[in-house]
Amino acid sequence: MNEKLKQEVMDEFINLFKELDKGEMKKVIEYIEKLMVGDLADLIEKGKEEGILTKVEILNAFKKANLDEVQMNYLYNRIVDLGITISE
């Protein structure tokens, strides 16, 4: 993942921290750690570059990262918040 994209993603999550309590922050940090490695990082980079991802691409990356349902929903919403279109 390139440095500019890493910074954009981190800035997005830092902005979210301002609205969270300590317990929620811990969960977000865990999500960030999973997001920034492997297939999830590649997925976000692709989405930012192309502006679109498919639901299948997202679900496959989430499964490989071994995310639970809450984490998947959270990250799915963050992808949308980053302005990435999600297609069938």
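Below, each value reflects all heavy atoms present in this structure, side chains not excepted, and no hydrogens, waters or symmetry copies.
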| said: Can you list everything that forms a salt bridge (Lys or Arg N to Asp or Glu O under 4.0 Å) with K63? Sequence neighbours excluded, please. | reply: none

| task | Could you state whether I44 and L59 fall into the same hydrophobic cluster, counting links through intermediate Ile, Leu, Val, Met, Phe, Trp or Tyr residues with side-chain heavy atoms under 4.5 angstrom apart? | result | no

| remark: Taken to the nearest 0.5 Å, the spacing of I52 CD1 from K46 NZ works out to 8.5 Å

| request: Starting at NZ of K55, measure out to OH of Y76 and round the result to the nearest 0.5 Å. | output: 4.5 Å

| said: For L43 versus A61, what's the shortest heavy-atom pair and its separation? | reply: CD2-CB, 3.9 Å

| remark: When rounded to the nearest 0.5 Å, the distance separating CD1 of I58 from CG of L53 is 5.0 Å

